[in-house]
Structures are given as C-alpha cells and as structure tokens.
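First the structure, in the form of structure tokens, and then the observations on it.
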Amino acid sequence: MYLSTSRASDIAGNTPAPKGPVRAVPGTVFALGLVSLVTDVSAEMVTAVLPLYLMAGLGMSPLAFGALDGLHQGATAVLRLAGGRIADRTRRHKLVAGTGYALSAACKAALLAVTTPWSVAAVLAADRTGKGLRTAPRDALISLSVPPGEQGRAFGVHRAMDTAGALLGPLAAFGVLWVAVDGYEAVFTVSCCVAVLGVVLLALFVREAPPPAAAPARAARPAPPPVRTLLRLPGLRGLCLTAAVLGLFTVGDAFLYLLLQRRLDLPAAYFPLLPVGTAAVFLLAALPVGRLADRLGRRRVFLGGHVLLLGAALLLLAPVPAGAPLVFGVLAALGLFYAATDGVLMAAAGPLLPAGLRTTGLAVLQTAQALARFAGSLLFGSAWTLWGPGVALGLAATGLLLSLVAVAVFGGTRAERPS
C-alpha cells in the first residue's frame, strides 16, 4: 500500500545494513536513548498501576476507561503536528522536545493532587500533550543523525534503551506497592522524581541536529509546506493510510493486560509485573528486528508485527489453560509486536522526508496512527461495556485480520527486495 514506487521502496527499507561488526551509534542517538530510558521508567511506573487504580480503585467503567485509553493514545495528536511544525520552522528540535519532557514531568507531580477519575484524566491529557510535543522532534533528531541505510538500526538501539526503562518502570512500581503503605501516591512521587532526572539529562547531553546542507539563512527561511503537500511525497501518504487502518484495530496493551489478569485471577499487587514480560521481549528484540527491517524491508516487518498482535488476541480467545504458556505466549507476542512496529515505522518514514521537513512529516504519520488508535480504544471500550470483553476482543481480532488482508491485497503484490 505504501512504498508504491521503486524509488520510495529503495529509500524506505531496502538499503542493506552495513556489513561487519555493529558500529556504535552516534552520540545523539545514545543520549536520547538514555533520556527515553529514564523517562520511560517514570511513565511506566504510572502506566503499570493505572488500569487497576482507575477501574478498581476509583470505580471507572470499561467504557470510560476505553475513552481514557484512547485519550492516552491519540487525543493530543494535534500537538504532534504543532511540535513538528515548530521544530521544523525554528530548527530547535531539542528545545521543543525538552518542553514536552518537562510538561510530562510536571504532570507526574499533579497526579498527587487529583482524586477523581476525570481529574486524573485531565492530568493524563496534559501528560500526553507533553508526549505529543516531544515525540516527533526526538525521532527527527535520531533520523537526522544517521544515513538512510542505518535508520532501522538507530531506531532499534533507541527503542531498546527506551524499552529498558519500560522494563524497569513496572518493577519499580511493584517494589513501591510492595513496601509502601499508601502505594499509589508513593508510585506517583517516585515517578515524578525520575521524570525530572530525564529532563536534566536531555538538557546536559543531547545536542541539536545540524542544519541541512545549504540551508537558507534564518531570516530568509521559508515556512514548511502545508500537511497536504507533505502527503504528496512518495510513500508517505500510503504509510499514513496503512498505519491508520491497522491502528483502528490495535487493542491497547492495558486492555490485554486486564483480560490476561482476569484469565489468571492475578492479585492486584502482581498486576504491574505483566508489562515487564512485554518490555523484556521488546528490549531483546528491538535492535535485531531493526536490523532485520533494514535488510528485508520495513514494510514486511511492520505488517508482521501486526500479525503477532493478532496472535496475542487469538491466544486470549482460545481455550488455553490459564497458566505459564498463556502468559508467555501473550507477552512475547505483544513484545515482538512493539519491536516490529514502533521504531520500524519511523525508520520507514524518515528517509522519505527532506531534512528540513523531517519532524513535521513524522508528526503527520504519528498523528494518523494516534487518531486511529484513539477511535479504536473508544470502539473497544464500548464493545466491552455492551457485550463483554470476549466479544470485544473477538471483534477487534476480526477487524485486524481483515485490515491485514486489505493492506496485502490493495497495497500491491511486488515484494520489497534488498538493493
């Protein structure tokens, strides 16, 4: 569906990875990975306890939680575009990203002051605003730091470090809940402190991206073109459409964890450990899968990741005994799904975009995916409320299967071939 021309296909995913031993990534990529590691420890501490805190602690309904999860995924999508446009106009990627990181850190502190479901939702919306501002400038900094043929490897390294934080965050939340009397407030307090550390690391160690070759002077610099112009770039419109179609039926991992917890009858104190399994698989697979995408084609790997997500949903629907095989199967499939989609999608899009428009273009793609996932979370929460979790998951799995077939049929049959 995307990469419809030979040139777009070559740029987006078919440049072979470098031969020989793995070289070190640029310092900017490593520094951003460290910032993301620390920030994800903070974010995942909150995310790990949030479903039970809202649904069991504050009495939020599945429909309301679906709306909140959708808000968490995509309601701040417009801010991604704003962050991208500002970063491209000013070429201050670090400043825009840092503003987003700082806003998210402030929201961790605000969680200590709110006690109702929708006040928590308002704080989380502000937190997602920070994420929306920072994501595209951060990914643009990574993309601008490496040549086209090494995009998958660079994003794989970054996502591996990012996921190390996602692995440590639920463990930290579990430890805090285990020892603290007022567990949720203690989790939010520690999360805030860690988020502040991430902002400090960004300020000290991340360098601004170098200007594009032959960049015009600041006074004469033209404004970035409108979004509709970006969507005419080879391959980008197809990428956005594919990400949106598949995103509409991407079940949020919070819902999958809740379904798995019900199947296992898992005590609440152990619930934060479920994301640890996903993060561990993601951590181990991110770099190898990124290198595989550079060799085999990012389109194949991206679609394969959604096949794995479909497998996780089918495992939860199957009459499999509630034991270790079910847990390992679902968490492994979910971790591989993230490894094959998160950084791979950005790696596919980055080389399609001129350096001066890299941030805006990535933001457009992220917005399309985020809005689709927002709608998908609302639909899934509604189906859960009306017909129960099993029917909701079955409908989502069917929709994802049909979407994969549609992408395969209408996206063209010409295979990607390494050049």
Side-chain angles (χ1 to χ4, degrees), residues 35-36 38-55 57-58 60 63-87 92-139 162 165-166 169 173 184-203 252-254 359 362-363 366-367 369-378 381:
V35 171
S36 292
V38 173
T39 302
D40 245 36
V41 170
S42 169
E44 293 301 324
M45 287 184 69
V46 174
T47 301
V49 302
L50 199 62
L52 284 183
Y53 176 61
L54 292 173
M55 294 184 69
L58 300 183
M60 182 174 276
L63 175 58
F65 182 74
L68 180 59
D69 186 64
L71 181 70
H72 208 252
Q73 294 278 358
T76 58
V78 174
L79 272 299
R80 297 173 188 260
L81 289 174
R85 300 285 284 183
I86 293 169
R92 303 291 296 275
H93 303 80
K94 176 180 174 179
L95 178 61
V96 177
T99 301
Y101 280 109
L103 178 58
S104 292
C107 290
K108 302 300 188 301
L111 283 173
L112 294 167
V114 295
T115 56
T116 64
W118 293 108
S119 61
V120 172
V123 172
L124 292 176
D127 175 70
R128 294 299 90 184
T129 298
K131 183 174 178 62
L133 284 174
R134 72 180 184 250
T135 301
R138 180 204 66 196
D139 285 349
D162 181 271
Y184 291 123
E185 289 192 3
V187 168
F188 299 153
T189 300
V190 175
S191 172
C192 177
C193 295
V194 177
V196 171
L197 175 60
V199 177
V200 173
L201 290 174
L202 178 79
D253 50 4
T359 317
L362 294 179
Q366 292 164 0
T367 297
Q369 185 180 56
L371 288 174
R373 290 187 175 182
F374 173 52
S377 289
L378 289 176

Worksheet item: Who pairs with D139 by salt bridge (charged side-chain N to carboxylate O under 4.0 Å, His left out), at least two apart in sequence or on another chain?
Response: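 Listed in chain order: R159.
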Quick one: closest heavy-atom pair of [X] and [Y], and the distance?
X: R138; Y: S36; result: CD-OG, 3.8 Å
X: L202; Y: A97; result: CD2-C, 4.2 Å
X: V38; Y: G198; result: CG1-N, 3.6 Å

Discussion item. Under the rule for side chain to side chain donor-acceptor pair (under 3.5 Å), what residues qualify as partners of S191, not counting sequence neighbours?
Written reply: S42
Worksheet item: With sequence neighbours excluded, what pairs up with A87 under the side-chain contact (heavy atoms from CB on, under 4.5 Å) test?
Response: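 Here the qualifying residues are H93, V96, P137, T359.
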Measuring from [X]:[atom1] to [Y]:[atom2], what's the distance to the nearest 0.5 Å?
X: L201; Y: Y101; atom1: CG; atom2: OH; result: 10.5 Å
X: R134; Y: T99; atom1: CZ; atom2: OG1; result: 11.5 Å
X: L103; Y: K131; atom1: CG; atom2: NZ; result: 13.0 Å
X: L95; Y: L133; atom1: CG; atom2: CG; result: 10.5 Å
X: S104; Y: L124; atom1: OG; atom2: CG; result: 10.5 Å
X: L112; Y: C192; atom1: CG; atom2: SG; result: 7.0 Å

Fill in: Sequence neighbours excluded - salt bridge (Lys or Arg N to Asp or Glu O under 4.0 Å) pairs with any residue from residues 104-113
K108-D127
Worksheet entry | Partners meeting ring-ring contact (aromatic ring centres under 6.0 Å, His included) with F188 (sequence neighbours left out) | Y53
